Structures are given as C-alpha cells and as structure tokens.
Trainee: 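Below is one structure. I have some questions about it.
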Amino acid sequence: MMVALRQRAYAVPVLVTVALLLAVNAALNRSFVSPDNWAPILAGATPFIVTALAQAAPILAGGGGIDLSVGPLAGLVNAILVAVLVPRGLDGPLPMIGAALALGALSGLLNGAIVCMLRVQPIIATLGSFLVYQGLTLEVLPTAGGSAPAWLRAASGRVGWIPGPLLLLLVLAAAWLALGVTAYRRNLLAVGGDERAAYAAGIDVAAVRIIAYVIAGMLAAVAGLAFTAVLGSADPSVGVPYTLTSVAGAALGGLSLAGGRGGMLGAAAGGALLFLVQNLLTLAQVSIFYLQIATGLILLAAVAINAVSDLRRRRSTAAA
Amino acid sequence: MSDLAPMTRAPGMDATAAAAIPPLLEARGLRRSFGATIALDDVSLGLAGGEIHALIGENGSGKSTLIKMLSGIVRPDSGEIRCDGSPVRFADPQAARRAGIVTCFQETLVLEELSVRDNIVLGQDGVIRRCRGPAAEAALARAALAELGVAIDLDRPLGRLKLAQRQLVTIARALAGPWRLLILDESTSALDVEERDRLFDALFRYRAAGRAILFVSHRMDEIARIADRTTVLRSGRSVATLAAAQADTPRLLALMSGPEEARAALGQATPSPPTARSRGVVLRADGIVLRPRAAPIALDLSAGEILGLAGLEGHGQERFLDCIAGLAAPDRGTITGGTTRVRSVVDAARAGIAFLPRDRKRDGIFAPLSVADNLTIARLGRFSRAGLIRRIRRLEAVRTAMARLRVRARGPEAAIDTLSGGNQQKVLLGRLLLTEPRVLALNDPMRGVDPGAKHDLYDELRALAATRIAVLLLSTELPELCLLCDRVAVFRDHAVVAVLDRAALSEPRLIAAMFGHAAADDRA
Amino acid sequence: MLARHLSRWRGEGGGYAALVLLASGLYLGTAALIPGYLSLASLRSVLLLASLLGIAAIGQTLTIVLGGLDLSIPAVIGFAEVTVAQLYGQGWPFAAAALLVLAAALLFGAMNGLVASGLEVHPLIVTLASGSILLGAILAVTHGQASGTVPDWLSATVSVVGHTGPIPLPGAVVAWLVAAAGIVILEHRSVPGRWLYAIGANASAARYARLPLRRVWMLAYAVSAGFAALAGMLLAGFSGAADAEVGAPYLFTTVAAVVIGGTPLSGGRGGYGRTVLGCLIITELTTLLIGLGLDQPGQEIFLGAMIVLLVATYGRQTHLGLRV
Amino acid sequence: PPAASAANDREAHAQALQDVPAAMRSYYDGFWYFSAVLPDPYESWTPPKAPVQFCYNDSYQGNSWRAAALAEYQKLVADFAKAGLAKPNLIVTNSNNNIDVQLSQLQNQIRQGCNVILSIPSSPTGLCAGVQEAHKRGVLFVSVESPVFCKEAINVDFNEYYGGLQTGRWLAQALGGKGSVVMLDGVPGLAPTVARHEAAMSVFAQHPGIKVVGTVVGMWTPSIAKSKMLQFLATHPQRIDGVWNGALMGVAAGQALSQSGRPAARINGFSGSCSFLAYWKQNHLQSLSLSQGGAPALYEAFLVAARMLQGQKPVVNTILYPLPEITDANLDQWYKPSMTVQSNCFADPPDGRAVADSYFDPLFKGGAPLKVALQP
Ligand SMILES: Nc1ncnc2c1ncn2[C@@H]1O[C@H](COP(=O)(O)OP(=O)(O)OP(=O)(O)O)[C@@H](O)[C@H]1O
Ligand SMILES: Nc1ncnc2c1ncn2[C@@H]1O[C@H](COP(=O)(O)OP(=O)(O)OP(=O)(O)O)[C@@H](O)[C@H]1O
Ligand SMILES: [Mg+2]
Ligand SMILES: [Mg+2]
C-alpha cells in the first residue's frame with residue numbers, strides 16, 4: 001500500500017492542480033458541476049486525456065521515446081471510420097471499434113519496429129509516420145464531412161446513466177491496472193529507467209518498447225474514436241494539434257521525458273489539466289489576445305511545480 | 001527458496017570426475033573487434049562445475065568483452081562457445097540465463113527508480129507474463145540477499161542505496177534465478193572487506209555445491225585467496241591458465257604484462273618514504289560532525305602529505321570527503337583550505353581542492369570526446385585567447401600530461417571511451433592536475449585499475465606529494481593504503497576512531513580499527 | 001594525419017561521406033529525372049530555401065548537442081518577422097529595429113536556458129511553453145493586426161536573383177555559409193564550444209569538472225533564439241508580409257534537418273556541419289517530390305517514408321548490446 | 001468530389017433551392033460541392049427580448065482578417081447596445097484552430113446565456129453537437145464565411161465555389177483561352193480550398209487550350225507559397241502563363257516567377273489584400289481580385305442575425321452573396337497609396353459592404369424592419 005502510494009507520488013502536484021482548477025471552474029460557473037454537463041465536459045476532456053495517455057507509453061519506455069504520430073493517427077482513424085467504413089455500411093460497433101484498434105495496433109507495431117529493429121531515433125521515426133498519416137488522411141478524406149453512426153454519437157452523451165466518456169476512461173483505467181498485475185509495467189519502467197540495465201538483466205527491451213508503441217497506437221485510435229463520437233463527423237485537420245498537447249500533457253503529469261519515471265495516472269491528470277486550463281480561460285473571458293500567454297504561463301508554472309517537488313524528492317533521496 | 005536451487009547435474013562431483021565430462025562452459029578461439037580496436041584476438045577458456053575460476057588481465061585486455069560474450073550481450077566475430085560440450089549461440093542475455101549463466105557486469109547496472117525487490121527479480125518474468133505474486137517475489141529477494149548475508153529494506157528505491165549496496169543487489173539478482181555459472185566482473189571493487197568476505201563465504205558454498213564461478217578482479221590478494229584456477233588475458237589473448245599452486249602473484253603479473261613491467265609492478269611493494277609533516281597545514285577540518293550524535297572529527301592535512309581515509313562502507317568516510325570537496329555540508333564544524341572557509345564547491349575550488357568522484361563513467365569521463373578534451377576541459381582558459389583555443393599550445397600540454405602520466409592511447413585525439421579504465425583514470429587525474437590544486441581529494445581512484453596501471457598511478461601520487469600537493473585518498477584497498485599513505489584515518493559510525501601513522505600502519509591494524517576494535521589505544 | 005581525418009568522416013551518425021554522397025546524389029538524381037533542374041536558377045532556389053532552414057536550424061543543432069531541444073524557434077521567427085517589419089514600417093531605422101529584435105531574442109533564449117537548466121525541466125516543455133507565451137505576446141501587442149514594411153535591400157538579400165558583391169548568390173545564402181563555417185569552427189575551437197559538447201556528453205561529469213553549466217545552457221539557447229530571429233528577419237524580406245505564424249514550418253523541419261544530418265538527440269555528438277547537409281537533403285527531397293508532380297498527400301507520405309528510410313540506412317543507433 | 005454529407009442531402013438541397021428567387025440562384029451555383037442548402041431551421045424560433053447577449057465563437061485570432069472581423073463585431077454590438085438592443089459586452093472565445101476546444105467553448109457560451117452566437121468554425125462538421133444544442137435552447141447560431149454542415153445553423157457566406165468561378169473565368173479569358181496554368185491552393189483538407197479549386201478547374205476544363213501543369217500548396221501563407229513556388233519552378237522548366245491563386249498568395253507567386261527569371265504570368269487576386277493591390281498597382285499588372293475582407297464578412301452575417309432578431313425569416317438556411325470584383329478599371333477606388341506589398345490589411349469596399357443591404361430583401365420573409373440603421 002505504502003509502495004503503491006509512493007509510486008504515485010510523482011503525480012501529486014498535478015493532481016492537486018487539477019483539483020484546484022476543477023474548484024475554480026466550478027466556482028466561476030455553477031453549471032459546470034450540474035450533472036447535465038458532465039457528459040459534454042468529459043467529452044471535451046477525453047481527447048486531451050486519451051492522447052496524453054497514448055503519449056505516456058513511449059515516453060515511459062525511454063531511449064528518447066516519443067510518438068509524434070499520436071495526433072495524426074487519431075485523425076487518420078477518424079477519417080477512415082467516417083469516410084471508408086461508414087459509406088460501406090460497416091458502421092456497427094464491432095467493425096468500427098475493431099478496425100480502429102487494429103489500425104492503432106498496426107501503426108504502433110510499425111513505429112515500434114522502426115524504432116527497435118531499424119534503430120531509428122523515435123522522434124524521427126514517428127515524425128515519418130506523422131507525415132505519412134497526415135498524407136493518408138487527406139487521401140482518404142480530402143475535406144471535412146461525413147457523419148458518424150448514431151450509436152457512436154450517442155456514446156459521447158450517456159450510456160445508460162453513466163456518461164459515455166467516463167465509461168471509456170474507466171475501461172482504460174481498468175486495462176492499465178490489469179497491466180500492473182502482469183510483469184509488463186515493471187518491465188516498461190525498467191526499460192525506460194536504464195535500457196542497458198534492463199537488457200543486461202535479461203529483459204527483452206525491444207519487445208517491451210514495441211508493445212509501448214502498440215499501446216500508444218491503440219490509445220491514439222481510441223482518441224480517434226472519441227473525436228468521431230464528439231464531432232459526429234470526420235475532419236482531416238482535427239488530429240494533428242494533439243501531438244503537441246499530448247506531449248505537454250504527459251510532461252505536466254510528472255512523467256520524465258527521459259523515461260522510466262511516472263505513470264498513466266499522471267498523464268491522464270496532465271491531459272485533464274490542459275483541458276481545464278482552456279476551459280477556465282474561456283469561462284473567465286480572458287481576452288483572446290492573452291489566452292496564449294496565459295496557457296504558456298500556466299504550463300510553465302505547472303512544470304515548475306513538478307520540477308521543484310521532484311528536486312526536493314531527489315534531494316531527500318540523495319541525503320538518505 | 002526452491003528458486004535458489006542449483007542447476008548443477010552432479011553436485012559435489014570431485015575434480016577427477018569433472019575432467020572426464022565436457023566442461024560446463026567452454027570458449028574456443030573467440031575473436032571480436034570494435035571498429036579498429038581488436039578487443040579479443042584469440043581467447044579460449046574452460047569452466048568446470050565446482051571451481052572458482054579467476055580471470056585477470058590489464059585494463060583493456062578484454063576481460064569484460066569475453067564476459068559479455070559468455071553472457072549473450074556481445075556476439076563473437078569468430079570462435080565458438082560450447083555449453084556442456086555442444087556449441088551455443090546466445091542471442092541475448094536471457095538466452096544465457098536460460099542456460100544457467102548469470103552475470104554481474106563490471107558496471108553496476110541497477111534501476112534507480114525501482115525498489116530493491118523489483119531490481120532483484122528483474123528479468124525473471126516474461127515481457128508480460130509474471131512468474132510470482134508480490135509476496136513470493138519478496139521472499140525470493142530476501143533469500144537472495146540472505147545468501148550474501150545482508151538485509152536491505154526491499155521497498156527502498158535503488159536510488160537511495162550506496163554503491164556497495166547496489167553492487168550487492170546486482171549479485172542478488174544473479175543469484176535469484178536458477179544458475180550453474182556465476183560470473184562476477186570486478187564485483188568486489190565496490191565492496192568493503194566485510195561485505196567481500198561474506199561474498200567469498202557464499203562463493204565457497206557454491207563451489208562446494210558443484211557450481212562454477214568466473215571471477216574477475218584486479219586485486220591479486222583476492223585471486224590468491226579464492227581462485228582454483230586462473231586464466232590470464234593479455235591484449236585480447238588468453239596467454240595461460242594456471243592452477244592455484246602455480247599461480248603466484250609475480251608469475252601472474254608477468255603473464256599479464258610481460259616480465260619487464262611486472263617487475264616494475266612488483267616494485268610497488270616498497271612503501272613511500274615518510275614525508276615530513278612539518279611543512280605547513282594546507283587543509284584543516286575542525287569539529288566536523290557528520291551526522292547528529294556522531295563524534296566530531298578533527299584532521300589536519302599538510303602540504304605533501306598523503307592522508308588515507310578508510311572504513312567499512314557507509315561509515316562516513318565518503319561523506320567526509322564530500323564535505324572537503326564542498327559537495328556536502330557537515331552538521332557542524334568548519335573546513336578551511338589555506339585561508340578559505342569551504343562551504344561550497346566554489347569555495348573548494350578557490351581553496352585549491354580538486355575532487356575525483358568515484359564513479360568514473362557516470363561522473364568522470366566525457367564519453368565520446370577526445371583525450372585532449374577530457375584532459376583540458378576544466379582549464380580551457382589556459383590554452384585560449386579571446387575564447388578561441390590555441391591548438392598547438394593545448395596539444396603540447398596534452399602531450400606532456402599524457403607522457404608524464406603514461407597514458408596509453410592512440411593519441412590526443414582518441415576518443416576517451418576507447419581507452420582502458422586505468423588509462424581513463426590517468427586522464428582524469430591529469431585533468432585535476434591541470435587545475436594546479438593544493439589538495440587532491442580522491443574517492444577510490446584505483447577502483448578497477450589493473451596492477452600495472454596502479455603502479456603508474458602510485459608513482460604519480462608520490463611524485464605529486466613530493467611537489468607539496470596534499471592528497472586525501474579514500475580507498476577500499478588496504479594494501480594500497482598501507483603502501484601509499486603517511487597516515488590513515490579510520491572511520492567508524494561517522495567518526496574517526498583511529499589515525500594510524502606510517503609506523504603503526506598495517507592491514508591487520510586497519511581491519512581491527514574498521515571493526516571497532518583497538519579503537520582506544522590508536523586514537524591520535 | 002590523413003587517417004585521422006578520414007576517421008572523423010565516419011562516426012556513429014553515419015559518415016560525413018555518406019551525407020555528402022546523398023546530398024549530391026539527390027541533386028544529380030533529380031537533375032536526371034527532371035530536365036532543367038541543372039540550371040543556375042534552380043540551384044540558387046534550392047540553396048536559398050536551404051539557407052533559411054539552415055539559419056533556423058543552427059540553434060536546434062546547438063541545443064540538441066547540449067542534450068536539449070528548442071521548440072520555441074518558430075515563435076522567435078514569427079516574433080522577429082513581425083516586430084522588425086512593424087518597427088521599420090513605423091519609421092524606425094532598420095538597424096535599430098534589428099538590434100532591438102536581436103537583443104530581445106537573446107534575452108528570451110537566455111531565459112529558456114536558465115529555466116530549463118535551473119529547474120531541470122526538459123527543455124522540450126520549457127520551450128513549448130515559452131514559445132506559446134512569445135507568440136501570445138505578439139498577438140497581445142498587435143491585436144492580430146501586424147503589418148509593416150522591410151527595406152528593399154533586405155528583400156534583395158533573400159531574393160533568388162540577388163547577388164552578394166561579385167558572388168552570384170543571394171546574401172542569405174552567403175550569410176548562411178559564412179555562419180556555418182563560423183559555427184563549425186567555434187564548435188571545435190572555442191571554449192564554450194567544447195563545453196557545449198562536454199555538457200551534452202555527460203552533465204554529471206561536467207558538474208564535477210565545475211563547468212559553467214547554467215551559463216552554457218543560457219548561451220546555447222540565446223544563440224538559438226538569436227539565429228531564429230535572424231531567420232525571422234530574413235523571412236520578413238522573403239515573404240513581404242508580417243505574419244506571426246511564419247515560423248510554423250520550422251518546428252519539426254529543423255529537428256529533422258539535425259537528425260538527418262546524423263546528430264543524435266542524446267547529445268554530445270554531431271554538429272552543425274552535419275546539419276548543413278541535412279538542410280540540403282531535406283530541401284532537395286521536398287523539391288524532388290514537388291518536381292515529381294505528387295499531390296500534397298503524396299508528398300507528405302513520400303517525405304515521411306523517405307526520412308525514415310534515409311536515417312535507417314546511415315543514421316542508425318548502435319545496438320544496445322554494444323552500449324552495455 | 002462532393003463532400004460526403006452534401007451528397008446525402010443533395011435532394012434536400014435541390015428542394016430548398018426552389019425557395020431562392022430564380023435571379024439569385026446563380027450565386028448558389030455549385031455550392032453543393034461545398035455544403036447543402038437546406039430549409040430555414042429557425043422557422044418557429046421566437047427571437048429573444050432585447051437586450052440581447054451577443055457572442056463570438058472564433059477559431060483563430062492571429063491575423064488581420066480575423067482582427068478586422070472582431071473589431072467590426074465589437075463596433076456593431078456597441079451600436080446596438082447604445083440603442084438598448086444588446087448587452088454591451090461581447091463574449092469572445094478563440095480556440096486556436098482546435099475544433100474540440102471550439103466545441104467545448106461553444107457549449108460553454110450556450111450555458112453562459114448567449115442569445116446570438118456568430119462563429120467562424122475551424123471545421124464544417126465539428127461544431128454540430130453544439131449547434132444542435134444551441135438550436136434546442138433557442139440560441140441563434142450564425143456561421144461567418146465558413147458554412148457548417150449542420151442543419152440547425154444559419155450560414156452567411158459568399159459562395160466559395162462562385163468565387164472560384166469568377167477568378168477562373170477571368171484567368172481563362174485573360175490568357176485568351178490557352179496557356180499553361182499553375183494552381184496555387186490554400187490549406188488542404190479545408191472546404192474553401194477544395195471548392196475554389198474545383199470551380200476554377202471546371203472553368204479550365206471548358207478551355208481545351210488551357211493546360212494545368214501542377215498544383216502548388218501554398219497554405220494561404222506567402223512565405224510557404226513562395227518557397228513551394230520556387231521549388232515548383234526549379235523543377236518545371238516550361239513556360240508558365242498563368243497562376244490561379246486561391247487567395248493571399250498572388251504576390252508570392254509573382255515574386256517567385258520573377259526571381260526565377262521567368263516571364264511575368266497572369267495572376268489573379270482572391271481576397272483583395274492590400275498587399276496584392278499594391279503589387280498590382282506598382283507593377284502595372286492586369287488582374288482581377290475579389291474583395292473578401294473580414295469586416296464586411298462580419299457585417300453581412302450580423303445583418304442577417306439582426307434581421308432574424310426582428311422576426312424576419314430567411315428563405316433557406318444559407319445566405320449567399322457575390323463578392324465585389326476589383327478590376328483594372330476600378331482599381332483606383334480600392335487602392336490607397338498607403339498600401340504596400342508588405343501591408344497586412346484588406347481593401348474594404350468603399351461603403352464597407354460586400355453587397356447593398358437591399359440585396360438580402362428577396363431572401364427574407366415577414367418580420368419587422370431593422371430598428372437602427374446598421375452602419376459598417
Ligand atoms: N563497445 C565497444 N566499442 C568499442 N570498443 C570497445 C567496446 N567494448 C570494449 N571495447 C574495447 O575493447 C578493449 C577491451 O575492453 P574490455 O572492457 O573487455 O577490457 P577489460 O579487460 O574488461 O578492461 P578493464 O580491466 O578496464 O575492465 C578495450 O580496448 C576497449 O576499449
Ligand atoms: N546482441 C548483440 N550484442 C552485441 N552486438 C550486437 C548484438 N546484436 C547485434 N549486434 C551488432 O550490431 C550490429 C548490427 O546487428 P544486427 O544484425 O541487429 O543489425 P542488422 O543491420 O539488422 O543486421 P542485418 O542487416 O544482417 O539484419 C552488428 O555489428 C552486430 O554485431
Ligand atoms: Mg538484423
Ligand atoms: Mg572490464
């Protein structure tokens with residue numbers, strides 16, 4: 001129990017910040033907390049959270065791990081679902097979710113193989129897939145349009161009494177917890193912490209990393225599904241901006257960009273933080289001319305808080 | 001506990017029976033080059049169950065490369081490895097592990113963010129499949145540590161452990177799975193005498209149980225004490241394998257480096273001439289309290305004196321040295337270098353105190369940079385005008401330093417990581433000397449340095465002392481302390497319990513003081 | 001002597017020789033495929049575009065060698081472009097406007113270095129945030145209505161047909177080549193240059209060697225912002241219009257140019273000489289794809305695939321087994 | 001190819017067009033390439049009582065076009081507030097081109113009590129969930145120069161397709177029906193890019209002598225357009241007679257041609273940017289540009305909203321108008337000496353309107369006339 005808590009200590013600053021922002025958001029706008037609004041608010045936050053989760057896996061895997069293709073892949077999935085599957089009548093939950101996940105896994109496999117087998121630096125390997133997916137998206141969907149099937153659009157609202165986006169996040173959390181029971185999460189942190197030590201200890205570094213990229217791909221695909229549900233249509237430009245927000249979200253969540261430190265809880269909180277900041281600045285009617293400045297400052301402040309608490313933690317470690 | 005069971009087929013087999021069946025592991029004609037460097041030229045070696053087999057050689061002679069080959073990390077260019085008589089090719093360390101070969105590599109490879117338990121069970125699981133639950137993992141880790149006679153809090157992250165404890169964790173990791181051959185690459189270099197003796201006890205038990213151990217060390221006393229057979233590598237070739245009876249130290253040294261230099265290395269047996277201590281105090285530590293309730297420490301260091309710092313791991317000597325270097329602050333007390341009060345690294349620099357950290361690779365060398373850069377980086381201003389380096393001038397200085405320290409490298413432009421450990425250490429010492437220090441604070445500078453190079457470095461330290469540079473030498477090697485130091489301060493429980501001077505200096509006395517005996521009468 | 005020089009031409013990120021071969025091979029290959037490409041006009045176009053990228057990528061190289069990354073380059077480019085045009089348009093002397101922009105950029109860059117090294121936060125996130133703040137500040141000041149003018153000589157400097165004295169190349173190209181030579185020399189021969197490599201190679205050892213880490217970080221990021229500002233001012237002359245987003249294309253392309261040149265992101269290796277070739281290769285590659293008549297999606301798909309393929313042929317990282 | 005959703009609605013489109021007066025239908029030509037024209041979704045809407053809360057849901061604020069539009073909106077709201085018709089504060093959001101953020105901002109604005117939301121969405125489909133919610137809650141949603149596909153919105157726009165036809169026709173005629181043409185496109189994947197391009201291509205297809213030698217993607221950004229154009233010219237040695245410019249990149253194209261040592265080509269303008277007019281004037285070109293400034297665009301959208309607040313009902317959900325043309329003959333009415341090639345403004349129509357206010361009369365039924373005379 002103590003160990004479990006200590007392992008999540010890195011996420012405390014970001015969780016506190018998120019709680020604070022939730023409170024401020026709620027104070028500024030009562031309707032923010034009304035149950036009616038949970039679904040749309042969560043739906044707005046979901047792409048931020050899920051893409052940050054996607055980015056977290058390769059970052060944790062270390063070795064300069066990063067997946068720049070997260071955003072474009074989510075966009076590509078959105079385009080393929082709406083512009084390829086729906087017109088062919090493949091618009092049921094099974095084919096759509098199945099296709100999205102398969103696409104994500106395939107992409108992750110490719111990225112992982114390029115990084116681990118061809119040993120190309122992750123940032124350049126995934127910059128390659130970034131460009132390829134952006135091109136493919138335009139190929140599939142020259143301009144925005146189409147419409148998502150009713151079931152998917154409905155999923156961005158409520159499923160039964162529970163908001164659809166919340167259900168999605170719960171499923172993802174359960175999946176991550178389940179991975180914690182296996183050896184994978186420890187292997188991931190080991191490989192990210194020091195790949196040479198992990199390799200020498202007998203861990204299959206390449207396999208662990210490839211799986212990290214597969215997780216990233218599949219989560220990016222889930223983000224693509226989420227876009228499709230929220231937008232109700234497809235748009236070739238929707239995914240790309242999420243690459244940078246996903247990296248920022250993961251970093252805000254206390255993950256070390258050098259790998260091996262942090263976890264999905266932090267990444268999710270980091271993604272939520274980005275959403276809440278934008279939401280807050282909108283609510284507070286910050287002049288649009290200052291919006292970007294405010295976003296940047298909050299980003300800096302958040303990483304600074306993280307860094308300071310981390311430095312303190314490391315100091316106390318060193319002293320012991 | 002069952003996990004710690006040996007994989008040996010015939011435990012307790014006697015030596016004659018062992019000769020009849022193929023050796024447990026055999027290397028034949030191994031070759032490997034890295035670019036222009038030939039790391040292994042022609043190495044053959046046989047390892048039988050029930051033996052402790054020592055592997056010695058100068059820095060860069062290929063010991064670690066051979067070990068990495070046997071462990072599935074480096075692939076041979078040619079030659080073959082046989083396991084139980086049949087040829088094997090280990091694709092990765094996991095494959096070697098499955099064949100029962102477990103290894104502690106020269107570098108302490110640990111994961112600082114993970115707990116001791118996780119570090120020990122690392123590599124036993126599949127990529128996803130986990131073999132045991134948390135409780136069973138803890139039991140396994142505890143048992144492995146118990147083999148070495150240590151108990152460490154299993155939930156502690158490795159980042160909080162000292163080097164020696166980290167080293168023990170890596171050994172425990174090797175012991176945790178089923179194994180037949182244990183390879184230890186300079187694993188004793190970070191251990192103190194007590195920890196080392198417990199490790200040796202364990203090794204003797206394993207030998208008795210019929211398992212094999214391949215043991216690398218630069219400490220000839222250790223070789224003499226535990227090795228059944230010793231294989232000597234020279235310039236990537238296995239030049240001989242000797243049984244314990246034939247393997248006396250002069251002979252081994254001769255095999256390692258050629259007879260000429262061996263004689264030189266043996267020359268080190270003559271201790272330093274005593275230094276006059278009246279030449280003026282250059283460093284004064286006064287009332288230093290290293291941790292609450294520890295006794296205060298008072299030590300003076302005179303110009304030209306070599307003062308040794310000794311103690312079991314974690315008894316404060318390292319922290320004391322850090323305080324001297326301005327890297328840590330004592331709870332109480334003052335450190336004065338010349339006239340400067342040392343409170344920070346900057347003060348230490350101003351006081352002319354140069355510090356050599358213990359971990360050469362992590363804190364010392366700039367890996368792909370050249371020898372010239374590594375030597376001069378801290379004093380580039382001396383060779384530059386208007387921020388531009390004057391190459392000829394710098395080259396001259398580098399050449400001089402390399403010659404003086406007898407650095408063996410392809411040239412000043414050779415990348416530092418192509419040098420052997422001992423030569424890297426010489427370069428680092430050279431870097432310190434360029435800062436023209438009054439005090440050298442050295443944290444275990446001979447760690448992992450071969451006897452020949454050590455001899456060079458000893459000479460160098462003596463020569464420095466002769467030029468009135470004062471040396472603080474923290475070392476885990478007792479013979480070294482006895483050989484070099486004018487005085488040795490022995491630490492126990494974060495206080496100095498004895499200061500032995502030249503006349504009183506001997507290994508048994510050092511050990512006694514370190515263990516807290518004879519403290520009273522020797523206190524200065 | 002010769003052997004030593006040759007050995008410098010090999011190296012982890014793929015040899016210089018491979019890069020030179022690739023850059024010239026691409027040029028000749030394109031010329032073989034596309035008649036008319038061999039003309040002086042085409043060569044000058046390619047060089048001009050490479051020079052703009054190259055000047056922007058100076059800082060990216062230095063910060064990557066240091067073990068960091070600078071994602072604020074596009075923002076500084078936009079800032080410089082807008083500010084210099086706006087001030088000059090308001091009647092400031094160009095030199096004064098340029099100096100002000102440069103000073104502001106240097107200060108901004110130094111802040112990046114200070115924050116990143118002081119807090120030990122990954123510079124990726126620091127520069128992402130500071131870039132956003134800088135772009136926001138431009139918006140806040142101009143209220144989105146940036147406009148202005150640039151002197152004619154500046155436009156001539158970035159004009160394909162421009163001459164530099166007797167040299168039949170536009171000033172931007174000449175300036176780039178001079179700057180490149182200077183940077184390469186400083187990397188190897190200046191004191192801060194060697195510190196840069198040492199800190200990038202091993203920050204911990206640098207601390208023990210008492211190298212001025214913070215100053216070097218500030219310097220590298222200041223230089224980065226300074227050259228980004230220069231690129232921004234040149235772009236003001238190049239495109240005519242004042243547009244804060246003008247730097248956007250330089251976000252990933254500068255990183256790609258550095259990495260394609262074979263400088264690894266892990267720091268301590270590589271250098272600007274490689275980036276020069278990386279810039280040429282990227283520019284030639286995108287020109288080739290346009291020349292082949294591919295549509296936009298096709299260009300992106302091919303460019304992505306080519307980047308990975310190229311780096312996979314000569315810029316592979318060493319096997320993990322060799323790093324243990 | 002027609003946008004997917006428009007195809008679904010093609011029949012509804014044809015049906016709805018019947019309600020547009022025949023004389024104005026040409027301005028709706030080819031619009032279904034872009035989006036569908038549908039019946040008025042606010043048929044049964046009761047306008048809110050004054051003072052009305054006006055809101056602006058913008059997707060980007062980084063250029064002078066958007067800034068001009070915002071300033072115009074602020075001025076109009078201030079005028080309305082003075083007359084007691086509007087609350088004085090205009091609620092503004094900017095999503096930095098992130099459509100998810102824009103959607104959540106829209107939903108926020110609905111919750112904050114906005115009565116009229118003018119919006120420039122960064123995607124024609126992405127806001128639909130919010131638009132539906134607005135419609136359900138009696139909030140008037142009007143898109144400004146970026147029509148959305150959602151049935152519940154009012155779109156006010158010039159017809160992108162019609163603009164492509166205007167410019168394409170001029171270029172074909174200026175080239176005498178023959179020659180090689182380069183297409184200079186805006187941001188790929190955006191509907192205006194596709195609609196303009198397709199329209200111009202449909203014109204060129206009618207002229208067998210005109211050969212389209214390639215498409216250059218200039219992203220509506222001069223620096224990119226110039227770079228790409230230089231690369232295009234470096235690899236295309238043949239003579240270029242004309243460049244069809246899909247907005248904002250005419251000067252870049254002209255400079256790229258002359259700096260590559262190529263003979264001047266015919267280049268059209270599209271948006272009436274000051275920069276292009278100055279270039280036109282200085283180089284004594286023959287050209288044609290449309291005028292598509294931010295302020296007039298917002299004015300026309302506001303005018304439509306204002307009419308609807310008076311109970312007037314549009315005949316269809318999409319109100320289209322033609323853009324004024326700047327020609328060699330009338331250039332001097334638009335060009336001002338203060339304009340330079342580096343200028344970042346848009347030449348506004350002399351009277352601040354894209355079309356006369358009365359242009360809209362046939363497109364509305366019922367209701368009351370405006371209470372205050374709107375002045376741009
Ligand atoms: N990955 C590598 N790349 C290049 N050269 C290497 C590599 N690994 C080892 N070498 C070189 O091979 C030679 C043998 O090195 P090795 O580490 O095996 O020596 P060693 O006997 O273990 O030395 P030490 O006693 O210092 O540990 C050295 O010259 C070394 O520089
Ligand atoms: N386990 C290992 N330990 C040490 N070095 C290795 C290991 N695996 C490969 N190498 C070295 O790394 C280099 C490339 O190895 P690898 O075969 O993986 O690359 P590759 O390019 O995929 O080979 P190929 O083209 O033949 O498939 C070789 O020099 C090889 O010796
Ligand atoms: Mg292979
Ligand atoms: Mg070794």
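In what follows, chains are A, B, ... by sequence order, proteins preceding strands, each numbered from 1. Values in this document were obtained by computation on a predicted structure and should not be read as measured data.
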Trainee: Return the option, out of C:G118, C:A129, C:A256, with the maximum number of heavy-atom pairs under 4.5 Å with chain A.
Mentor: C:A129
Trainee: With a 4.5 angstrom heavy-atom cut-off, which part of C:I138 approaches chain A: side chain, backbone, both or neither?
Mentor: neither
Trainee: Under 3.5 Å, is there a donor-acceptor pair between the C:T127 and C:N112 side chains?
Mentor: no
Trainee: Checking A:R119 side chain against C:Q317 main chain: does a donor-acceptor pair fall under 3.5 Å?
Mentor: yes
Trainee: Are C:R274 and C:Y16 in a cation-pi contact, defined as NZ or CZ under 6.0 Å from the six-membered ring centre and within 45° of the axis?
Mentor: yes
Trainee: With only heavy atoms counted, which part of A:V247 is less than 4.5 Å from chain C, the side chain, the backbone, both or neither?
Mentor: both
Trainee: Among C:I307, C:V311, C:T313, which has the most heavy-atom pairs under 4.5 Å with chain A?
Mentor: C:V311
Trainee: What part of C:L251 gets closer than 4.5 Å to chain A, counting heavy atoms only: side chain, backbone, both or neither?
Mentor: side chain
Trainee: What residue in C:H122, C:Q299, C:H143 has the most heavy-atom pairs under 4.5 Å with chain A?
Mentor: C:H143
Trainee: Considering only heavy atoms and a distance below 4.5 Å, find which of A:I124, A:L299, A:I114, A:I123 pairs most often with chain C.
Mentor: A:I124
Trainee: Ignoring hydrogens and angles, tell me if any N or O in the side chain of C:T263 forms a donor-acceptor pair with the backbone of C:G271 under 3.5 Å.
Mentor: yes
Trainee: Can you tell me which portion of A:I66 sits under 4.5 Å from chain C's heavy atoms? Options are side chain, backbone, both or neither.
Mentor: side chain
Trainee: What pair of heavy atoms forms the shortest contact from C:L69 to C:L265, and how long is it?
Mentor: CD1-CD2, 3.8 Å
Trainee: Verify the distance criterion only: is there a donor paired with an acceptor across the side chains of A:Y133 and A:S107 at less than 3.5 Å?
Mentor: yes
Trainee: Will you find, in the side chains of A:S69 and A:D67, an N or O donor that is under 3.5 Å from an N or O acceptor?
Mentor: yes
Trainee: Among A:L138, A:T126, A:I298, A:T295, which residue forms the greatest number of heavy-atom pairs with chain C at distances under 4.5 Å?
Mentor: A:L138
